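It should be emphasised that the depicted structure is a prediction, and the values quoted were computed from it without experimental measurement.
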Amino acid sequence: MSIINKPWDARYAGPVPHDAVYYSKCMLGGVLACGLTHTLMTPVGKTKCNMQVNPAKYKGLVSGLRLIAAEEGSRAVWKGWFPTLAGYGAQGALKYGLYEFFKDTYSNLLGEENATKYKGLVWCAGSASAEFFADMALCPMEMVKVKVQTSVPGTFPTAFGPALAKMRAESATTRFPFGSLTPLWSRQIPYTVAKFFFFEKAVEFFYTYVFTAPKSSYSKGTQLGVTFASGYSAGIICAIVSHPADSIVSLMSKPANKGKGFATIASETGYLNLATKGLGTRVFMIGTLTGLQWWIYDSFKTVMGMGTSGGK
């Protein structure tokens with residue numbers, strides 16, 4: 001009687017099968033990870049956007065927050081919280097869910113040996129593919145958020161419904177809903193590739209050189225600590241890599257730049273300004289965001305019996 005060996009399948013190579021239920025749970029974890037953290041950081045995000053659009057007025061995070069509160073009221077730092085929650089929740093679902101899907105798909109295309117040998121490329125290709133689609137879900141809400149947060153008080157609605165209606169009504173000039181998609185891809189795809197690649201590498205480093213026993217022998221608390229430290233480290237790199245494009249996304253909402261294209265704004269602003277204005281605030285924001293996102297995502301996976309991400 002002959003024994004038939006089934007071909008290797010990345011979806012079933014780990015302790016938990018990667019079926020439709022698994023990917024769905026990853027999507028839900030992504031909603032929680034991205035939606036909650038970005039909403040929590042709304043005051044920082046609003047200040048960062050204003051520092052990019054009007055650096056002469058908003059010179060730093062703390063002074064910027066104080067200035068916004070003094071001129072617009074203390075509640076103004078939370079402007080744009082709902083489009084932030086909706087947009088980044090949708091983005092998170094596709095970012096994390098599709099990353100797991102594409103990572104398995106590309107691994108199967110390469111085969112077991114090459115998938116292991118070129119796992120870094122698999123991480124990069126999987127995350128870039130996932131973010132391509134995730135940004136389509138994010139773009140409309142990101143455009144509303146930035147417009148609400150950077151408009152001169154009294155010139156644009158701050159409530160979500162009226163703001164959305166005005167963006168639609170003025171779509172010829174705002175280019176809503178996908179006018180910022182190209183700079184968003186330019187910002188988010190490098191950011192996400194760095195986020196996933198350096199997270200996976202950091203986790204691999206911790207379980208190779210620091211926690212050298214089998215991963216399963218460590219408590220869930222220790223594993224989640226590794227997750228947060230790896231996520232925060234990856235976030236710092238993400239912020240630096242994606243900041244120039246992030247600056248352009250913010251500058252596109254400035255009235256003086258109405259109707260201008262990606263390249264025109266970049267040329268007029270200059271690369272040094274794009275790369276440095278608001279960078280310190282964004283490093284703090286994205287480092288914290290990324291660490292918390294991975295921690296929330298892996299905490300959810302742990303509760304669902306799926307284990308933490310990365311490592312062996």
### Query
For atom CZ of Phe101, is the number of surrounding heavy atoms from other residues, nucleotides or ligands below 6.0 Å larger than 12?
no
#### Entry: Pairwise side-chain contact, Ser309 with Phe199, heavy-atom cut-off 4.5 Å (strictly under)
yes
### Message
Looking only at side-chain N and O atoms, does Thr105 offer a donor or acceptor that is under 3.5 Å from a partner on Arg11?
### Response
no
### Message
For the residue pair Tyr23 / Asp104, report whether a side-chain donor-acceptor contact shorter than 3.5 Å exists.
### Response
yes
### Query
So among Thr288, Ile286, Leu292, which one has a side-chain contact (heavy atoms from CB on, under 4.5 Å) with Thr290?
Ile286
### Task
Say whether Ser63 and Tyr58, considering side chains only, have a donor N or O and an acceptor N or O under 3.5 Å apart.
no
### Query
Is the count of non-hydrogen atoms from other residues, nucleotides or ligands lying under 6.0 Å from Tyr118 atom OH greater than 12?
no
#### Entry: Among His243, Glu131, Glu142, side-chain hydrogen bond (donor to acceptor under 3.5 Å, both in side chains) partner for Arg187
Glu142
### Message
Taking the ring of Phe102 and the ring of Phe132, is the distance between their centroids below 6.0 Å?
### Response
no
### Trp123 and Phe198 aromatic centres sub-6.0 Å
no
### Message
Do Ser107 and Lys119 make a side-chain contact, defined as non-hydrogen atoms from C-beta onward lying under 4.5 Å apart?
### Response
no
### Query
So do the side chains of Met306 and Tyr22 get within less than 4.5 Å of each other, counting heavy atoms only?
yes
### Query
Is it true that the side chains of Asp298 and Thr308 contain a donor and an acceptor less than 3.5 Å apart?
no
### Task
Please test Lys57 against Glu71 for salt bridge (Lys or Arg N to Asp or Glu O under 4.0 Å), starting from the C-alpha separation and ending with a verdict.
CA-CA 12 Å; Lys57 182 177 181 179; Glu71 292 187 347; 2.9 Å; yes
### Side-chain donor-acceptor contact under 3.5 Å, Ser219 with Thr222
yes
### Query
Should Lys117 and Glu112 be marked as a salt bridge (Lys or Arg N to Asp or Glu O under 4.0 Å) after you check the CA-CA gap, both sets of side-chain angles, and the distance that decides it?
CA-CA 9 Å; Lys117 184 177 180 180; Glu112 182 176 10; over 6 Å; no
### Task
Would you mind reporting whether Leu224 and Phe228 have side-chain heavy atoms less than 4.5 Å apart?
no
### Query
So, Thr39 side chain and Gly35 main chain: donor-acceptor pair closer than 3.5 Å or not?
yes
### Message
Ring of Phe300, cation from Lys25 - is the NZ or CZ under 6.0 Å from the centre and inside 45° of the axis?
### Response
no
## Note on the structure
In terms of heavy-atom contacts, Cys49 and Thr150 come closest through CB-CG2, 3.7 Å
#### Entry: Between Gln91 and His38: side-chain donor-acceptor atoms closer than 3.5 Å
no
### Message
Does any part of the side chain of Tyr297, heavy atoms only, come nearer than 4.5 Å to the side chain of Lys95, both counted from C-beta?
### Response
no
### Message
For Met141 versus Gly87, what's the shortest heavy-atom pair and its separation?
### Response
CB-CA, 3.5 Å
### Over 12 foreign heavy atoms within 6.0 Å of NZ, Lys79
yes
### Query
Any side-chain heavy-atom pair from Thr208 and Thr212 closer than 4.5 angstrom?
no
